[in-house]
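Just below is one structure, and these are the notes that go with it.
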Number of protein chains: 2
Amino acid sequence: MKKKSQEQRTAETRRKILDATRDLVLRQGFTATGVDQICREAGLTKGAFFHHFKSKEALGLAALADWGDFGMGLYAEATREPLKEPLDHVHRFFDIMTGFVQGNEGPVTCVVGIISQEMSLTNPNLREECAKHLEVWTDFAARLLDEAKQACPPRADFDSRELAWFLNSLWQGSMLVSKARQEPDIIVKNLQRARAYVDNLFAV
Amino acid sequence: MKKKSQEQRTAETRRKILDATRDLVLRQGFTATGVDQICREAGLTKGAFFHHFKSKEALGLAALADWGDFGMGLYAEATREPLKEPLDHVHRFFDIMTGFVQGNEGPVTCVVGIISQEMSLTNPNLREECAKHLEVWTDFAARLLDEAKQACPPRADFDSRELAWFLNSLWQGSMLVSKARQEPDIIVKNLQRARAYVDNLFAV
DNA sequence: TTTTTCATACCAATCGGTCGGTATATTTTA
DNA sequence: TAAAATATACCGACCGATTGGTATGAAAAA
């Protein structure tokens with residue numbers, strides 16, 4: 001049980017660093033999180049860190065990618081079963097978000113939202129990566145809406161991407177507001193309202 | 001023309017510091033903005049700074065209060081003229097936000113949103129001040145909605161405060177997303193959708 | 001033995017904050 | 001009303017701690 005392949009060691013070390021980074025960034029933001037602190041939390045030293053990441057910016061990009069994988073893993077559940085009713089997948093999408101809020105003691109936050117807010121105007125690479133991940137989310141939501149539209153013509157046509165950006169903005173803003181207010185319930189209520197709004201676009 | 005009262009000098013110096021702080025925080029966030037940098041931008045030294053603010057946290061609190069004054073100064077315009085039609089003030093409220101976006105070259109950001117995101121989980125005092133300012137915004141919006149409800153019964157009753165939090169979340173999230181995407185237009189479109197949504201709550 | 005992984009020691013720069021001292025404004029006293 | 005005493009405003013050097021990042025070498029795997 002002793003010998004580990006280099007591949008494995010690298011994977012484990014990277015994971016330790018990315019986990020520590022996620023936890024610390026969610027709690028105190030990207031700028032306030034130092035490399036030393038990450039190393040301490042990960043049980044490593046700077047030598048290891050800078051062997052795997054050439055800079056803190058590179059770490060930020062990796063942390064965003066990692067968070068994106070995590071998120072899309074959750075959201076993918078929404079489309080696992082085939083569509084029975086037109087809004088099935090859309091509803092599951094809302095349920096997943098609501099579940100993420102309720103199954104989470106402590107504040108509900110998002111690495112992308114945090115790094116967007118902190119770094120968008122000072123670090124073009126991080127900004128672009130954030131934009132990319134927001135776009136992935138929006139694309140996914142827009143596809144669900146398009147799918148629903150195809151299964152059931154809405155009472156008046158609407159732009160799925162525009163609505164998806166609306167929902168994304170609401171989602172990010174809800175987490176932000178709820179963090180300051182220390183009241184996750186506001187996210188749930190906002191999601192309920194948004195869901196009812198979408199339903200109403202289709203209702204006969 | 002030389003002699004200045006101490007009162008006046010204090011006021012001017014504080015203003016210089018607060019202006020510099022606002023500009024720098026909006027651009028690079030609170031954590032990334034150093035006291036030295038603020039002093040440089042304000043044309044002062046640390047001696048002056050710590051004479052007027054006992055800590056960086058105290059500065060943050062003052063910057064939030066200052067931003068709150070600025071914002072409410074803008075929003076107050078919405079209710080300057082008496083209500084002619086039930087949704088007059090609500091519409092003006094939306095117009096003010098839209099105007100703030102369009103009359104602003106460069107990214108649209110908010111000191112409260114930035115500090116909320118960065119400091120909510122690490123600095124209770126800043127968190128609470130942020131929550132207070134978000135609440136002021138929501139109170140204002142909720143009052144406009146209540147007023148409209150009184151002037152014209154909605155097609156189905158709704159909770160004004162809940163809707164106001166929904167709008168606040170959307171507003172904050174829109175700024176966040178638009179900053180990452182470098183596209184202020186998304187804010188305008190979100191506001192249009194929100195306005196139509198509110199209108200629809202009242203429509204016959 | 002060569003390459004990869006990681007620890008140790010170190011760097012210049014910057015962080016928030018303090019401190020002694022000076023210049024200016026205001027109040028008190030003569 | 002002028003001088004003296006005090007309070008306020010501000011400067012700039014300095015503090016220990018921490019920042020992101022590097023150079024070197026040892027342990028471990030290939």
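Residue numbers begin at 1 in each chain, while the letters A, B, ... track the order of the sequences. Model, not experiment: these values are computed from the prediction. Atoms considered below: every heavy atom in the structure, side chains included; atoms not considered: hydrogens, waters and symmetry mates.
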**Report entry** Side chain B/N123, main chain B/M119, donor-acceptor under 3.5 Å
**Finding:** no
**Report entry** B/W171 ring center near B/F94 ring center (under 6.0 Å)
**Finding:** no
Report task. Send over the distance from A/R40 CZ to C/dC6 C1', rounded to a whole Å. Result -> 18 Å
Query raised in the report: Could you give the CD-to-P distance, from B/Q37 to C/dA13, as a whole number of Å?
Result: 17 Å
Query raised in the report: Can you check whether B/H51 has a side-chain N or O nearer than 4.0 Å to OP1 or OP2 of D/dC10?
Result: no
Report task. Could you check B/K54 against B/Q6 and say which one's nearest nucleotide on DNA chain C is further toward the 5' end? Result -> B/K54
Report task. Round to a whole Å and report the spacing from CZ of B/R9 to P of C/dT24. Result -> 8 Å
Report task. Measure from CG on A/L44 to P on C/dC6 and round the result to the nearest Å. Result -> 7 Å
Report summary line: In whole angstroms, the gap separating P of C/dC6 from CZ of A/R14 amounts to 12 Å
Query raised in the report: Would you say a side-chain N or O of A/H52 is under 4.0 Å from OP1 or OP2 of C/dC6?
Result: yes
Report task. Using a heavy-atom cut-off of under 4.0 Å over every strand shown, decide if B/T33 touches base, sugar-phosphate, or nothing. Result -> sugar-phosphate
Requested in this report: Answer yes or no: side-chain N or O of A/K46 and base N or O of D/dG20 forming a donor-acceptor pair under 3.5 Å.
Outcome: yes
**Report entry** Proximity of B/W67 and B/F70 rings by center, below 6.0 Å
**Finding:** yes
Query raised in the report: So, does A/E162 use its side chain to make a donor-acceptor pair with the main chain of B/K189 at under 3.5 Å?
Result: no
Requested in this report: Using the closest heavy atom to pick a nucleotide of DNA chain C for each, name whichever of A/A48 or B/G47 lands nearer the 5' end.
Outcome: A/A48
